[in-house]
Amino acid sequence: MSWLFYGKIGEIVSTYDAIIIGAGAAGLMCAAIGASRNKKILLVDHSNKLAEKIRISGGGRCNFTNIYTHHDKFLSDTNKFCVSPLSRYTPNHFTELLNKYSIGYHEKTLGQLFCNNSSEDIINLLTFLTNEHKVCRKMGVSVNTIEKTLFGFNVSTTIGNFKANSLVIATGGLAIPQIGATGFGYNVAKQFNINVITPKPALVPLALSPNQLQYLSPLSGTSFLSKTAIQKINFQENTLITHRGLSGPAILQISSYWDGGVDIIIDMLPNLDIRNEINNQRPSTQQLEKFLSQYFSQRLAKSICMMIQINKQISQLSNIEINKIHEFIHKFIVKPTGTLGFKKAEVTKGGVDCKELSSKTMMSNKIEGLFFIGEVVDVTGWLGGYNFQWAWSSSFVAAQYI
Ligand SMILES: Cc1cc2nc3c(=O)[nH]c(=O)nc-3n(C[C@H](O)[C@H](O)[C@H](O)COP(=O)(O)OP(=O)(O)OC[C@H]3O[C@@H](n4cnc5c(N)ncnc54)[C@H](O)[C@@H]3O)c2cc1C
């Protein structure tokens, strides 16, 4: 392990076993594990603050994993690429780490684990581990050029030139450019002729046409349990009506599968059959709107009646009208005009093509020593802690080989 090199005209160039670009979830984890294996590591990030996404995640409590982690909760052009990394570093491994450092956590719902206290607990832990193992961390540093040499990589940055045997790209995806997301990782891939699956916003609110919005936007802020579906894929969670369209966990989940063009079907009452409910109630003099407000908020019940243009006593409903109510409530058709884009997306789907990487090492098949980890890779988790688990698992794997 050599520490100093002489570059051009007597310039002293620090040399590392690995340079990791991006001090987010994946970069910090990889640096901590790599350094614990006695690797000399330089971790650089263009932002002044590290791990901003951990900080803002999970409403400030970081939904750091999901106990139901399984490859079927991930989207990728390369089916099952994530299986090997996820099996080598599991949610249990991460919770063992939290237990070791007495960081409290709890399951909120659907296997989602959150910090009891704050996301800062995870950031502090990762910072502590990188400090403990003497990772050289440089924040506010931009990379100008990367060059592959016979023995590794030359990385030129705004604070000087560095050399390393391995180069790890952990710069994440394009979601939330406001806090430093860039397409840097994709550009590095392209520099080395590594294919990138077109990055698109995922886990993102959907925009609706003015036509649909005229009925829905007055309901902005209303949330209801729903089943959102595109063909056979469906999610049963809450849908939230917003002034621009739809959001909430059920919509964010299905948005990752929405590629434009197709309709999304929303079942607004997934656990009941409204036809049976009406028939069980008959004969009744109750107005439909009042009847529906047992199942929905009053505002939503009123809008449903307006949209289907039926509001009469339950006893007076014809079978055709009951069918219309049933169709509307259980098969509400949404035709999104688009997503709200990377500014509002939680993650990026697409990214560095997994066919270009080894799932055993996360190293490029073409370029010896070049690794991609975390969200920059074409592996996208469902909502619920899966994306951080991918960051931990892919980092762990890469850290064994840098
Ligand atoms: C609002 C929000 C909430 C979320 N909540 C959750 C959650 O609760 N659970 C979950 O599993 N997932 C959640 N996610 C997704 C999760 O944050 C990401 O999947 C995860 O952070 C990806 O880790 P990463 O290290 O690959 O990328 P990032 O965490 O994005 O880190 C990338 C790092 O690279 C740096 N960087 C970027 N470009 C450059 C460049 N050109 N030069 C140098 N450095 C650069 C960035 O500054 C950043 O520090 C959330 C995302 C958002 C936006």
Side-chain angles (χ1 to χ4, degrees), residues 19-31 42-66 69 73-74 91 94 105 108 110-115 118-119 122-123 126 137-146 155 157-159 167-188 199 201-205 247 249 252 256 340 342-349 351-352 362 371-395 398:
I19 296 172
I20 301 176
I21 306 176
L28 281 165
M29 185 75 170
C30 188
L42 171 68
L43 175 62
V44 298
D45 198 298
H46 69 158
S47 173
N48 290 318
K49 276 186 170 175
L50 50 79
E52 271 302 271
K53 282 196 185 159
I54 298 182
R55 198 182 314 280
I56 61 171
S57 67
R61 289 229 165 117
C62 189
N63 175 197
F64 56 82
T65 191
N66 193 300
T69 293
K73 307 286 195 305
F74 293 83
F94 198 76
Y105 57 88
K108 201 166 172 188
L110 304 169
Q112 301 167 6
L113 300 188
F114 285 76
C115 296
S118 140
S119 309
I122 306 262
I123 300 175
L126 293 173
R137 204 172 56 230
K138 299 280 182 196
M139 301 302 292
V141 172
S142 294
V143 172
N144 299 326
T145 57
I146 292 171
V155 178
T157 76
T158 44
I159 53 161
L167 178 65
V168 183
I169 307 299
T171 46
L174 293 169
I176 322 276
Q178 309 88 296
I179 56 165
T182 70
F184 180 87
Y186 311 133
N187 294 336
V188 174
L203 299 180
V204 59
S247 187
L252 298 183
S256 298
L340 295 199
F342 285 113
K343 274 191 175 170
K344 300 283 175 191
E346 214 160 273
V347 288
T348 302
K349 71 173 169 178
V352 174
M362 298 305 295
F371 296 77
F372 292 87
I373 55 172
E375 199 179 312
V376 72
V377 177
D378 172 34
V379 172
T380 308
W382 285 7
L383 191 76
Y386 299 103
N387 286 296
F388 278 131
Q389 185 56 47
W390 170 246
W392 316 137
S393 297
S394 55
S395 315

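Bear in mind that the values here come from a model prediction, so they are computed numbers and not experimental data. For ligands, and for the atoms within them, numbers begin at 1 and follow the listed sequence.
- Ser247 has its side chain within reach of Leu252: a pair of non-hydrogen atoms, C-beta onward, lies under 4.5 Å apart.
- Contact atoms of ligand 1 toward Lys53: 17 (O), 21 (O), 29 (O), 30 (O) (distance under 4.0 Å to a heavy atom of the residue).
- No part of Ala175 comes within 4.0 Å of ligand 1, judged by heavy-atom distances.
- Nearest approach of Ser395 to Ala26, heavy atoms of both residues: OG-O, 3.0 Å.
- Ring geometry, Tyr386 versus Trp382: the interplanar angle exceeds 60°, so the pair is classed perpendicular (tilted spans 30 to 60°).
- If you look at Ile176 next to ligand 1, the close heavy atoms, those under 4.0 Å, all belong to the side chain.
- At a 3.5 angstrom cut-off on N or O pairs, Asn387 counts as close to ligand 1.
- Against a heavy-atom cut-off of under 4.0 Å, Ile56 is close to the following atoms of ligand 1: 1 (C).
- Of the candidates Trp382, Phe372, Trp392, Phe388, the one placing a heavy atom closest to atom 13 (C) of ligand 1 is Phe388.
- Proximity of Gly385 to ligand 1 is established by a heavy-atom distance of less than 4.0 Å.
- Every atom of ligand 1 is numbered from 1 in the order shown, and the set under 4.0 Å from a heavy atom of Glu375 is 18 (C), 19 (O), 20 (C), 22 (C), 26 (O).
- Residue Gly172 approaches ligand 1 through these ligand atoms, each under 4.0 Å from one of its heavy atoms: 26 (O), 27 (O), 32 (C).
- In this structure, Ser142 has no heavy atom closer than 4.0 Å to ligand 1.
- Although no hydrogens or angles enter the test, the distance criterion places a donor-acceptor pair under 3.5 Å between the side chain of Ser394 and the main chain of Gly374.
- Checking only distances, Gln389 never comes within under 3.5 Å of ligand 1, N or O to N or O.
- Within the 3.5 Å criterion, the main-chain N or O of Thr348 finds a donor-acceptor partner in the side chain of Glu375.
- When Arg61, Lys49, Glu346, Gln112 are checked for heavy-atom proximity to atom 2 (C) of ligand 1, Glu346 turns out nearest.
- Some N or O of Ala25 is nearer than 3.5 Å to an N or O of ligand 1, by distance alone.
- Side-chain N or O atoms of Ser119 include one that pairs as donor or acceptor with a backbone N or O of Ile54 at under 3.5 Å.
- Ring orientation note: the planes of Tyr105 and Phe64 are nearly perpendicular, at an angle over 60° on the 30°/60° scale.
- The shortest heavy-atom distance from Val143 to ligand 1 is not under 4.0 Å.
- Those atoms of ligand 1 with a heavy atom of Ser47 less than 4.0 angstrom away are 47 (O).
- At a heavy-atom cutoff of 4.0 Å, ligand 1 is contacted by the side chain of Val347 but not by its backbone.
- Listed by atom number, the atoms of ligand 1 under 4.0 Å from Ala170 heavy atoms are 32 (C), 33 (C), 34 (O).
- A 4.5 Å side-chain heavy-atom check between Phe94 and Ile122 finds at least one atom pair inside the cut-off.
- Near Tyr386, with a cut-off below 4.0 Å to any heavy atom, the atoms of ligand 1 are 11 (O).
- Close N/O approach between Phe184 and ligand 1 is not found [any backbone or side-chain N/O within under 3.5 Å].
- The backbone N or O of Ser142 sits less than 3.5 Å from a side-chain atom of Thr158, completing a donor-acceptor pair.
- Between the choices Gly180, Gly59, Gly22, the shortest heavy-atom distance to atom 37 (C) of ligand 1 belongs to Gly180.
- Counting atoms of ligand 1 from 1 in the listed order, those under 4.0 Å from a heavy atom of Gly58 are 5 (N), 8 (O).
- Put simply, the side chain of Met362 reaches to within 4.5 Å of the side chain of Val377, judged on heavy atoms.
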